[in-house]
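Everything on this sheet refers to the single structure shown next.
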Amino acid sequence: MVDVPAVMVGTAFLADVRPHHRRRVLKQAIGQLPDELKARVMALGRLEGEYEVDSILGVNSNSVVIEVGGDEGELHVGLFTEAARINHSCRPNAYYRFSPRRLTMEVVAYHAIEAGEEIVMSYVPLDTARSERRQFLKETWGFDCTCSLCHGSELDITNSETWRRRMTDLRGSVLHARREGYFQDAINISKDWLHFSELEMVPPLLAEYHDTLAELYRLKGDLINATRYGRMALDGWVRLGSVEDDQLEKARVFLKDLS
Ligand SMILES: *[C@@H]1O[C@H](CO)[C@@H](O)[C@H](O)[C@H]1NC(C)=O
Ligand SMILES: *[C@@H]1O[C@H](CO)[C@@H](O)[C@H](O)[C@H]1NC(C)=O
Ligand SMILES: *[C@@H]1O[C@H](CO)[C@@H](O)[C@H](O)[C@H]1NC(C)=O
């Protein structure tokens with residue numbers, strides 16, 4: 001699913017102006033939207049006890065980085081009315097990625113989603129410990145999580161904690177091995193990492209994973225496997241038909257440089 005922003009605001013603006021001025025400008029911005037879109041914005045969930053625009057943006061927007069005028073990225077807050085409807089789960093079946101070039105939010109499924117199954121995303125990084133995760137959800141969005149994982153068995157919850165910790169450690173080990181030039185180790189550890197992320201049902205975008213392996217094989221000097229994984233990455237990006245066409249281009253250049 002690809003969503004376009006109803007409102008996009010630089011965080012520098014949000015921080016610099018006085019609160020009443022900020023609210024007036026945001027209210028005006030929302031007021032100028034086409035009726036149908038405005039209705040969608042006004043129908044979004046909000047927290048009690050805050051100014052209307054603050055509370056709508058507060059619980060529904062995403063922080064995104066946009067390059068302005070070729071400079072380094074600047075942090076913005078984007079309000080995507082369709083993506084904002086997607087509920088949280090600690091065991092998500094989808095995640096989102098932002099395209100700074102098209103200003104779109106792309107919601108990507110982790111795996112096949114059944115008809116009638118709710119689309120859910122994690123509002124919190126997946127490697128956050130359970131207690132911190134629940135506290136953060138409560139403080140930021142004001143709810144006690146009742147997702148399938150939080151309602152799962154003790155065993156399910158313990159396994160998930162272990163696997164996620166393991167994934168974080170393994171990712172660190174891959175980076176370390178790569179930095180130290182132990183490329184075969186980095187490759188082996190990457191494969192273990194994939195195994196745990198599949199157990200935990202939050203697999204990476206395969207094209208991204210294949211890109212990483214292709215690069216590690218290239219560094220190791222195994223050009224046959226570098227090409228093999230480079231092709232898999234390219235296929236993945238083509239199949240995704242993604243907004244991230246710079247990734248597709250990078251995969252093409254990678255293969256061309258190898259040959
Ligand atoms: C999100 O959860 C709420 C409350 O459980 C539910 O009413 C709503 O339909 C859900 N949203 C979507 C998009 O499924
Ligand atoms: C990587 O894994 C392969 C096969 O699984 C094994 O033969 C090899 O010894 C491992 N290499 C390192 C550096 O751990
Ligand atoms: C590299 O590629 C060959 C096939 O060309 C394959 O047999 C081998 O397992 C690959 N090496 C690793 C470490 O994946």
Side-chain angles (χ1 to χ4, degrees), residues 1-90 92-108 118-147 150 243-244:
M1 181 181 106
V2 175
D3 199 3
V4 293
V7 179
M8 184 72 81
V9 206
T11 46
F13 167 79
L14 292 177
D16 286 351
V17 299
R18 289 168 185 280
H20 70 272
H21 180 54
R22 178 188 72 219
R23 287 182 203 116
R24 200 173 57 229
V25 172
L26 289 174
K27 237 172 114 172
Q28 199 177 3
I30 293 170
Q32 288 172 354
L33 293 171
D35 286 343
E36 196 203 331
L37 186 53
K38 189 173 13 179
R40 276 216 300 275
V41 169
M42 298 314 286
L44 289 171
R46 58 193 76 177
L47 286 179
E48 302 283 310
E50 282 187 40
Y51 286 95
E52 191 171 52
V53 284
D54 289 347
S55 105
I56 293 176
L57 278 180
V59 290
N60 293 294
S61 60
N62 296 91
S63 297
V64 295
V65 174
I66 302 177
E67 281 175 33
V68 182
D71 280 342
E72 252 179 60
E74 272 178 32
L75 198 59
H76 283 67
V77 167
L79 183 62
F80 299 85
T81 56
E82 300 290 328
R85 286 285 183 184
I86 298 176
N87 283 327
H88 165 86
S89 168
C90 299
N93 54 19
Y95 66 97
Y96 64 80
R97 18 198 286 147
F98 176 70
S99 166
R101 296 210 296 162
R102 302 192 191 191
L103 304 186
T104 49
M105 190 62 90
E106 181 183 36
V107 178
V108 187
E118 183 175 348
I119 297 170
V120 279
M121 300 194 294
S122 181
Y123 295 179
V124 187
L126 289 171
D127 58 3
T128 313
R130 177 176 148 84
S131 55
E132 281 173 53
R133 191 163 76 212
R134 293 179 61 81
Q135 190 187 345
F136 189 66
L137 290 168
K138 182 78 180 177
E139 283 169 5
T140 312
W141 287 278
F143 65 86
D144 293 305
C145 189
T146 57
C147 76
C150 288
V243 294
E244 298 298 326

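Quick note: numbers below take in every heavy atom, side chains included, and nothing from hydrogens, waters or symmetry partners. We're numbering straight along the sequence, starting at 1.
- With Ser99 contributing its side chain and Arg102 its backbone, the two residues share a donor-acceptor pair below 3.5 Å.
- Between Gly45 and Val59, the shortest heavy-atom distance links the atoms O-CG2, 3.5 Å.
- Here the side chains of Ser61 and Ile56 are not in contact, with every heavy-atom distance at 4.5 Å or above.
- Shown here are the salt bridge (charged side-chain N to carboxylate O under 4.0 Å, His left out) partners of Glu118, two or more places apart in sequence or in another chain: there are none.
- The stretch residues 128-137 participates, sequence neighbours left out, in these side-chain hydrogen bond (donor to acceptor under 3.5 Å, both in side chains) pairs: Gln135-Glu139.
- The closest side-chain heavy-atom distance from Cys145 to Cys90 is below 4.5 Å.
- Residues passing the ring-ring contact (aromatic ring centres under 6.0 Å, His included) test with Phe136 are Trp141, sequence neighbours excluded.
- Shown here for Ala94 and Val107, the closest heavy-atom pair between the two residues is CB-CG1, 4.0 Å.
- Proximity of Leu137 to Phe143: side-chain heavy atoms (C-beta onward) are separated by under 4.5 Å at one or more points.
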*Would you please test Glu52 and Met42 for side chain to side chain contact (heavy atoms under 4.5 Å, CB included) and show each step?*
CA-CA 9 Å; Glu52 191 171 52; Met42 298 314 286; 3.5 Å; yes
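- Under the 3.5 Å distance criterion, the side-chain polar atoms of Asn93 are matched with a main-chain donor or acceptor of Val120.
- Judged purely by atom type and a 3.5 angstrom limit, His88 uses its side chain to pair as donor or acceptor with the backbone of Tyr123.
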Show me the donor-acceptor pairs within less than 3.5 Å that the side chains of residues 78-86 make with the rest of the protein, sequence neighbours left out.
from, atom 1, to, atom 2, distance (Å)
Thr81, OG1, Arg40, NE, 3.2
Glu82, OE2, Arg40, NE, 3.3
Arg85, NH2, Ala43, O, 3.1

Identify every side-chain donor-acceptor pair in residues 22-31 under 3.5 Å, counting partners at least two apart or on other chains, and give the distances.
from, atom 1, to, atom 2, distance (Å)
Arg22, NH2, Asp54, OD1, 3.3
Arg22, NH2, Asp54, OD2, 3.1
Arg23, NE, Asp54, OD2, 2.8
Arg23, NH2, Asp54, OD2, 3.4
Arg24, NH2, His21, ND1, 3.2

Query raised in the report: Can you check side chain to side chain contact (heavy atoms under 4.5 Å, CB included) on Leu33 and Val41, steps first, answer last?
Result: CA-CA 9 Å; Leu33 293 171; Val41 169; 3.9 Å; yes
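- Note: Asp3 CG to Leu103 CG = 12.0 Å, rounded to the nearest 0.5 Å.
- Here the side chain of Thr11 pairs a donor or acceptor atom with the backbone of Leu75 at under 3.5 angstrom.
- A donor-acceptor pair is defined here as one N or O able to donate and one able to accept, closer than 3.5 Å; such a pair exists between the side chain of His76 and the backbone of Glu74.
- Note that CD1 of Ile119 is 13.0 Å distant from OG of Ser89, once rounded to the nearest 0.5 Å.
- Between Val108 and Arg97, some side-chain heavy-atom pair lies under the 4.5 Å cut-off.
- Within the 4.5 Å cutoff, the side chain of Met121 has heavy atoms near those of the Tyr96 side chain.
- Under the ring pair (Phe, Tyr, Trp, His ring centres under 6.0 Å) criterion, no residue pair touches residues 25-46, with sequence neighbours excluded.
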